[in-house]
Colleague: 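Sharing a structure with you now.
Everything numeric in this text was worked out from a predicted model, so none of it was measured. Along the sequence shown, residues carry numbers from 1.
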Amino acid sequence: MLKLNSREELAALREVCKKSFALETKKVLVCGGTGCVAGGSLQILARIKELLDEHNIPVEADLADEPHGEVVGLKKSGCHGFCEMGPLVRIEPQGWLYTKVKLEDCEEIVARTVICGEFIDRLGYRQNGELYKKQAEIPFYEKQTRVVLESCGHINAGSLREYLAVGGYTALEKCRFELEPADIIKTVSDSNLRGRGGGGFLTGKKWASCARQKETPKYIVCNGDEGDPGAFMDRSVMEGDPHKMLEGMIIAGIAIGSTEGYIYVRAEYPLAVERLKIAISEAEEFGILGDNILGTGFSFHMYINRGAGAFVCGEGSALTASIEGKRGMPRVKPPRTVEHGLFDKPTNLNNVETYANIAQIINKGADWYKTMGPENSPGTKAFALTGKIKNTGLIEVPMGTTLREVIFDIGGGMRDGMKFKAVQIGGPSGGCLTEKDLDIPLDFDSLQKAGAMIGSGGLVVMDDKTCMVEVARFFMNFTQNESCGKCVPCREGTKRMLEILTRITEGNGQDGDIEMLEELADTISHTALCGLGKTAASPVVSTIKNFRSEYEAHIYEKRCPAGECSKLKRFVIDPDKCKGCSKCARNCPVKAIDGVIKSPFVIDQTKCIKCGACKTNCSFGAVKEEA
């Protein structure tokens with residue numbers, strides 16, 4: 001493989017790649033994201049390749065060293081985003097998207113679409129009876145603005161050549177041959193890019209602070225841990241466009257004077273790790289990573305560290321401790337990571353999405369970046385949209401887009417005609433927003449005023465059958481399990497809160513429980529050592545604020561208004577429908593049902609264990625479940 005030793009050689013290779021890319025007059029892009037892979041997309045990719053070979057159609061998985069005749073590009077792409085509809089296959093140049101593709105569909109795709117250029121209606125996406133052929137016209141995609149995810153789903157996820165073909169590493173080229181480190185930092189600072197990992201700290205300010213440190217060596221660290229339940233934004237970038245993140249990290253290294261970068265990836269992301277390894281290896285072979293990059297004398301080496309699944313390692317000091325081989329536990333601050341981070345040296349730590357924004361900011365300028373979103377929170381944000389919503393998946397929208405647009409326009413609204421109740425934003429560290437908050441802009445400052453936070457970007461949508469006390473208990477259970485145990489407020493406080501919430505959902509709530517939860521939340525948030533502890537009580541605080549009546553119903557009426565808490569359910573027999581057949585009594589495992597044949601039977605609520613066997617076995621619909 002050619003090792004590039006100058007700017008001219010890089011530019012020449014990029015032109016070759018662009019020509020080869022253009023000669024792929026037809027492209028079949030099979031989603032290779034984790035969700036679609038789980039649905040069988042790799043088998044679909046292999047079958048399409050077999051069929052193309054059988055028809056003697058020239059096909060390429062990666063770009064050729066030298067441009068030649070027209071071929072079909074068959075690509076294992078990154079995540080297309082529309083996870084609800086996977087496995088997904090995109091057809092170029094038409095821009096068509098096939099949804100829920102099965103292995104048996106491959107012959108028809110090759111015969112009708114690749115060979116004859118026909119669209120297969122039954123594989124197209126339909127919404128409200130309307131067929132959408134083009135991906136860009138599907139409502140799920142129409143209101144998105146893809147910057148970080150621009151190439152995900154459009155190029156071979158494991159190919160440096162294809163990244164070059166769409167303009168990759170032009171920002172690195174500019175930073176090595178045209179800009180001084182101070183110029184790079186100024187551009188990033190002027191863009192007002194804020195860290196996409198949750199805190200929203202100004203990226204340029206962090207870079208400038210790290211650059212000022214006199215001690216060496218300095219380190220670049222990428223947080224790819226992404227431990228929030230339901231979040232998969234960073235994973236999709238690492239799987240689908242890893243070079244975009246690597247380019248941002250190398251530029252950060254140039255800016256602050258670092259020659260080493262570490263990517264911390266959770267071990268539960270094996271596909272992301274595999275593609276990062278491929279990307280790093282290719283970049284080293286081409287001379288874009290390693291020693292004497294592009295013949296400039298600048299060296300930068302990249303390493304991958306796998307996390308063991310500890311949520312607390314998303315916190316900066318715990319993450320760097322884990323890379324060092326120590327137990328992942330946060331430390332008291334100051335000093336900050338930029339002063340004493342990895343190996344006690346100055347360290348710049350950003351997450352995947354933050355680094356993935358850098359190249360376009362360098363190429364297009366800070367003013368371009370600020371055309372999207374509000375002045376203090378410009379740019380776009382990727383969200384993982386999940387829950388009781390029609391269209392789940394990975395989206396990217398301008399900062400300032402409202403929840404209403406995300407949930408009802410992009411997400412298609414609630415499933416099965418259910419009513420929207422709340423959305424949990426920011427994962428275990430975030431809070432619940434309700435119907436009154438639907439028009440709040442999704443940006444750092446607006447959400448903070450509403451008592452929530454963007455966090456890493458998880459959005460879990462809930463309908464009116466969701467119990468908000470159980471939601472609070474779920475997130476508190478997660479946080480309590482993930483607490484590192486170093487500080488008493490988090491270690492003991494979250495345990496006490498979980499005990500109270502569990503009691504409430506089991507029908508054993510007591511007068512004063514709500515006030516105790518609020519007092520514990522206040523204490524923990526003000527005294528915990530790290531961000532995990534300080535925000536651990538946020539879901540509890542926000543659900544009490546917005547759904548206090550649900551807590552009161554659980555405690556004082558021993559009733560779950562949503563009907564979700566199993567130990568608060570009541571099974572009753574409707575005497576008008578009961579035929580007195582005794583089938584319910586015969587199938588009750590605890591003998592809680594009594595009666596006389598041919599007369600209505602009765603359930604003893606003191607004995608009932610809420611198993612539902614009576615309802616399952618009743619042939620006349622006489623057993624009802626009451627909240």
Colleague: Checking His80 against Ser77: is there a side-chain donor and acceptor pair closer than 3.5 Å?
Modeller: yes
Colleague: Which atom names give the shortest non-hydrogen contact between Asn223 and Gly314, and what distance separates them?
Modeller: ND2-O, 3.0 Å
Colleague: Which atom names give the shortest non-hydrogen contact between Ile603 and Cys614, and what distance separates them?
Modeller: CD1-SG, 4.2 Å
Colleague: With a 6.0 Å cut-off (strictly less than), is the heavy-atom count around NZ of Lys610, excluding the residue itself, greater than 12?
Modeller: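 Check passes, neighbour count above 12.
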Colleague: If we ignore hydrogens and angles and just use 3.5 Å, is the side chain of Thr401 paired with the main-chain N or O of Val397 as donor and acceptor?
Modeller: no
Colleague: Can you establish whether the number of heavy atoms outside Asp522 located under 6.0 Å from its atom CG is more than 12?
Modeller: yes
Colleague: For the side-chain contact (heavy atoms from CB on, under 4.5 Å) test, which of Tyr551, Phe474, Phe547 pairs with Val469?
Modeller: Tyr551
Colleague: With no hydrogens and no angle check, just 3.5 Å: does a side-chain donor-acceptor pair link Glu405 and Thr402?
Modeller: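 Result is yes, a qualifying pair exists.
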Colleague: Taking Glu353 for the side chain and Asp234 for the main chain, is one N or O donor matched with an acceptor at less than 3.5 Å?
Modeller: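 The answer is no, because no donor-acceptor pair under 3.5 Å joins these two groups.
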Colleague: Hey, mind stepping through Glu396 and Arg146 against salt bridge (charged side-chain N to carboxylate O under 4.0 Å, His left out) and telling me if it holds?
Modeller: CA-CA 6 Å; Glu396 186 178 358; Arg146 296 200 154 206; 5.4 Å; no
Colleague: Quick one: pull up OG1 in Thr505 and CG in Leu568 and give me the separation to the nearest 0.5 Å.
Modeller: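 Atom-to-atom, Thr505:OG1 and Leu568:CG are 7.5 Å apart.
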Colleague: Just wondering, more than 12 heavy atoms not from Glu519 lying within 6.0 Å of its CD?
Modeller: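 Result for CD/Glu519: open.
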Colleague: Look up atom CD1 in Ile407 and atom CG in Leu385, then write down how far apart they are to the nearest 0.5 Å.
Modeller: 7.5 Å
Colleague: Kindly indicate whether the side chain of Pro589, heavy atoms from C-beta on, has any atom under 4.5 Å from the side chain of Cys611.
Modeller: yes
Colleague: Classify the side-chain pair Asn508/Lys558 by whether it contains a donor and acceptor separated by less than 3.5 Å.
Modeller: no
Colleague: Are Glu239 and Thr34 close enough that some pair of their side-chain heavy atoms sits under 4.5 Å apart?
Modeller: yes
Colleague: So do Arg415 and Asp463 actually touch side chain to side chain, heavy atoms under 4.5 Å?
Modeller: no
Colleague: Under the 3.5 angstrom rule, does the side chain of Lys486 hit a backbone N or O of Pro330 as a donor-acceptor pair?
Modeller: yes
Colleague: Does atom CD of Glu324 have more than 12 heavy-atom neighbours from other groups under 6.0 Å away?
Modeller: yes
Colleague: Using the ring of each side chain (for Trp, its six-membered ring), is Phe408 parallel, tilted or perpendicular to Phe420, with breaks at 30° and 60°?
Modeller: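 Correct class here is perpendicular.
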Colleague: Are any of the side-chain nitrogens in Glu492 or Arg496 under 4.0 Å away from the carboxylate oxygens of its partner?
Modeller: yes
Colleague: For Arg548 and Glu515, work out which heavy atoms get closest and say how close.
Modeller: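 Scanning both residues completely, I find the closest heavy atoms to be NH2-OE2, 3.3 Å.
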Colleague: Tell me, do Glu435 and Lys419 make a side-chain contact under 4.5 Å, heavy atoms counted?
Modeller: yes
Colleague: Under the side chain to side chain contact (heavy atoms under 4.5 Å, CB included) criterion, do Cys222 and Asn351 qualify, and how do the steps go?
Modeller: CA-CA 5 Å; Cys222 178; Asn351 83 321; 5.9 Å; no
Colleague: Go through it in stages, so that I can follow the logic: the residues are Val265 and Asp225, the test is side chain to side chain contact (heavy atoms under 4.5 Å, CB included), and I'd like the CA-CA distance, side-chain angles, deciding distance and then a yes or no.
Modeller: CA-CA 5 Å; Val265 190; Asp225 193 52; over 6 Å; no
Colleague: Measuring from atom CE of Met85 to atom SG of Cys31, what distance do you get when rounded to the nearest 0.5 angstrom?
Modeller: 13.5 Å
Colleague: Please report the C-alpha distance between Val312 and Glu482 in whole Å, then the side-chain angles of each, then the deciding distance to 0.1 Å, and finally whether the side chain to side chain contact (heavy atoms under 4.5 Å, CB included) criterion is met.
Modeller: CA-CA 6 Å; Val312 73; Glu482 294 294 336; 5.9 Å; no
Colleague: Using a 3.5 Å distance criterion without hydrogens, assess whether the side chain of Thr502 forms a donor-acceptor pair with backbone atoms of Leu498.
Modeller: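 Present.
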Colleague: What distance do Phe82 atom CZ and Asn391 atom CG have between them, rounded to the nearest 0.5 Å?
Modeller: 4.0 Å
Colleague: Rounded to the nearest 0.5 Å, how far does CE of Met418 lie from CD1 of Ile389?
Modeller: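 It comes to 14.0 Å.
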Colleague: Can you tell me how far apart NZ (Lys333) and SG (Cys530) are? Round to the nearest 0.5 Å.
Modeller: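 That separation rounds to 6.5 Å.
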Colleague: For the pair Arg266 and Glu268, evaluate salt bridge (charged side-chain N to carboxylate O under 4.0 Å, His left out) and give the outcome as yes or no after the intermediate values.
Modeller: CA-CA 5 Å; Arg266 58 187 303 172; Glu268 296 93 331; 3.3 Å; yes
Colleague: Any side-chain heavy atom of Ile593 within less than 4.5 Å of one from Ile573?
Modeller: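 In short, these two side chains touch, coming nearer than 4.5 Å.
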Colleague: State, without any angle test, whether Glu315 and Ser317 hold a side-chain donor-acceptor pair at a distance under 3.5 Å.
Modeller: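 A donor-acceptor contact under 3.5 Å links the two side chains.
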Colleague: How about Val101 and Ile109: do any of their side-chain heavy atoms sit closer than 4.5 Å?
Modeller: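 Side chain of Val101 against side chain of Ile109, heavy atoms only: contact under 4.5 Å found.
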Colleague: What do the steps show when you test Asp464 against Lys421 for salt bridge (charged side-chain N to carboxylate O under 4.0 Å, His left out), and what is the final call?
Modeller: CA-CA 5 Å; Asp464 54 1; Lys421 185 174 187 177; over 6 Å; no
Colleague: More than 12 heavy atoms of other residues, nucleotides or ligands under 6.0 Å from CD of Gln605: is that the case?
Modeller: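 Count over threshold, so yes.
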Colleague: Is the ring centre of Phe232 less than 6.0 Å from the ring centre of Tyr269?
Modeller: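 Here the rings of Tyr269 and Phe232 have centres that are no less than 6.0 Å from each other.
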Colleague: Quick check: does any side chain N or O of Ser542 sit under 3.5 Å from a backbone N or O of Pro539, one acting as donor and the other as acceptor?
Modeller: yes
Colleague: Do Leu517 and Ile504 make a side-chain contact, defined as non-hydrogen atoms from C-beta onward lying under 4.5 Å apart?
Modeller: yes
Colleague: Heavy-atom count check: over 12 atoms from other residues, nucleotides or ligands less than 6.0 Å from Lys591 NZ?
Modeller: no
Colleague: I would like to know whether Arg473 and Glu470 meet salt bridge (charged side-chain N to carboxylate O under 4.0 Å, His left out); could you show each step before the answer?
Modeller: CA-CA 5 Å; Arg473 190 208 64 78; Glu470 171 55 26; 2.9 Å; yes
Colleague: Return yes if a side-chain donor-acceptor contact under 3.5 Å exists between Glu84 and Thr392, otherwise no.
Modeller: yes
Colleague: Taking the cut-offs as 6.0 angstrom to the six-membered ring centre and 45 degrees off its axis, would you call Lys381 and Phe383 a cation-pi pair?
Modeller: yes
Colleague: For Met238 and Ala272, work out which heavy atoms get closest and say how close.
Modeller: CB-CB, 3.8 Å
Colleague: Does Arg327 have more than 12 heavy atoms from other residues, nucleotides or ligands lying within 6.0 Å of its CZ?
Modeller: no
Colleague: If we ignore hydrogens and angles and just use 3.5 Å, is the side chain of Asp437 paired with the main-chain N or O of Thr434 as donor and acceptor?
Modeller: yes
Colleague: Do Glu564 and Thr466 get their side chains close enough for a donor-acceptor pair, meaning under 3.5 Å?
Modeller: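 Checked: Glu564/Thr466 side chains show no N/O donor-acceptor pair below 3.5 Å.
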Colleague: Using every non-hydrogen atom in the two residues, find where Phe444 and Gly195 come nearest and quote the distance to one decimal.
Modeller: CZ-O, 3.5 Å
Colleague: May I ask you to test the Cys490-Leu532 pair for a side-chain heavy-atom distance under 4.5 Å?
Modeller: yes
Colleague: Decide side chain to side chain contact (heavy atoms under 4.5 Å, CB included) for Arg570 and Lys624; before the verdict, give the C-alpha distance in whole Å, the side-chain angles of both, and the deciding distance to 0.1 Å.
Modeller: CA-CA 8 Å; Arg570 283 169 46 91; Lys624 295 181 179 179; over 6 Å; no
Colleague: Is the side chain of Ser538 donor-acceptor paired with the backbone N or O of Thr535 at a distance under 3.5 Å, no angle test?
Modeller: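 Yes: the side chain of Ser538 pairs with the backbone of Thr535.
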Colleague: Give a yes or no answer on whether the side chain of Asp513 reaches the backbone of Gln510 with a donor-acceptor pair at less than 3.5 Å.
Modeller: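 Yes.
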Colleague: Testing the basics here: between Pro561 and His554, what is the closest heavy-atom pair and its distance to 0.1 Å?
Modeller: CD-CE1, 3.8 Å
